[in-house]
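Presented below is the structure to which this report refers.
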Amino acid sequence: MEILASLPGVGRVVLATLLAEAFDALQRRDDAALRSLTGVAPVTKRSGKSCIVVRRQACHDRLANAMYHWARVAVQHDLTTV
């Protein structure tokens, strides 16, 4: 828990959401499952000559929202982008 709380952009609400909704994936350290649950794993659609990579729509809405806010706050407080 201390490691997750020390990451930039992770507040109490995001940390609580991660621990409540994705505890099994975090405990197993299953990165692929965590990426799929949060919606950050890309989906590749191939058809003939075309190849399109899109955002995963089949994900946990609460976790996807938590990841969005985590990234938003981390970018706002990043010292290299100021």
Side-chain angles (χ1 to χ4, degrees):
M1 185 168 123
E2 291 95 18
I3 295 173
L4 286 174
S6 69
L7 294 171
V10 175
R12 292 181 308 190
V13 175
V14 171
L15 181 61
T17 305
L18 277 173
L19 291 176
E21 303 292 341
F23 183 73
D24 293 336
L26 288 170
Q27 188 176 23
R28 290 189 322 256
R29 295 183 180 162
D30 189 359
D31 295 334
L34 188 62
R35 287 177 21 179
S36 294
L37 282 172
T38 57
V40 298
V43 175
T44 304
K45 295 182 179 182
R46 295 177 188 258
S47 173
K49 295 181 181 179
S50 66
C51 177
I52 300 172
V53 179
V54 294
R55 180 183 170 273
R56 180 174 297 276
Q57 296 294 320
C59 63
H60 198 284
D61 291 335
R62 215 172 286 138
L63 280 172
N65 192 27
M67 290 298 110
Y68 166 76
H69 288 294
W70 181 358
R72 180 183 57 82
V73 173
V75 167
Q76 287 177 347
H77 293 93
D78 187 16
L79 297 178
T80 60
T81 59
V82 174

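Side chains are part of it too, since the values below use all heavy atoms of this structure and drop only hydrogens, waters and symmetry mates.
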Taken to the nearest 0.5 Å, the spacing of Leu34 CG from Met67 CE works out to 6.5 Å
Hey, which of Thr38, Thr17, Val10 is the one that makes side chain to side chain contact (heavy atoms under 4.5 Å, CB included) with Trp70? Val10
Roughly how far, to the nearest 0.5 Å, is the CG atom of Asn65 from the CD atom of Glu21? 11.5 Å
Calculate, to the nearest 0.5 Å, the distance between atoms NZ and SG belonging to Lys45 and Cys51 respectively. 11.5 Å
Is there a chain of hydrophobic side chains (I, L, V, M, F, W, Y, each step under 4.5 Å between heavy atoms) that links Leu15 to Leu7? yes
If you define the side chain from C-beta out and look only at heavy atoms, does anything of Leu19 sit under 4.5 Å from Leu4? yes
Taking side chain as C-beta onward, heavy atoms only, is Asp78 less than 4.5 Å from Pro8? no
Rounded at 0.5 Å granularity, tell me how far CG in Leu37 sits from CG in Asp24. 9.0 Å
Same apolar cluster: Val43 and Ile52, side chain cutoff 4.5 Å: yes
Say whether Leu63 and Val13 are linked into one hydrophobic cluster, either directly or through other cluster members, by side-chain heavy-atom distances under 4.5 angstrom. no
With a 4.5 Å cut-off on side-chain heavy atoms, are Pro42 and Arg55 touching? no
Count the heavy atoms belonging to other residues, nucleotides or ligands that lie under 6.0 Å from CZ of Arg62, then report whether that count exceeds 12. no
Note, Arg46 side chain near Thr44 side chain (heavy atom, < 4.5 Å): yes
Compare every heavy atom of Cys59 with every heavy atom of Ala64, then report the nearest pair and how far apart it is. CB-SG, 3.9 Å
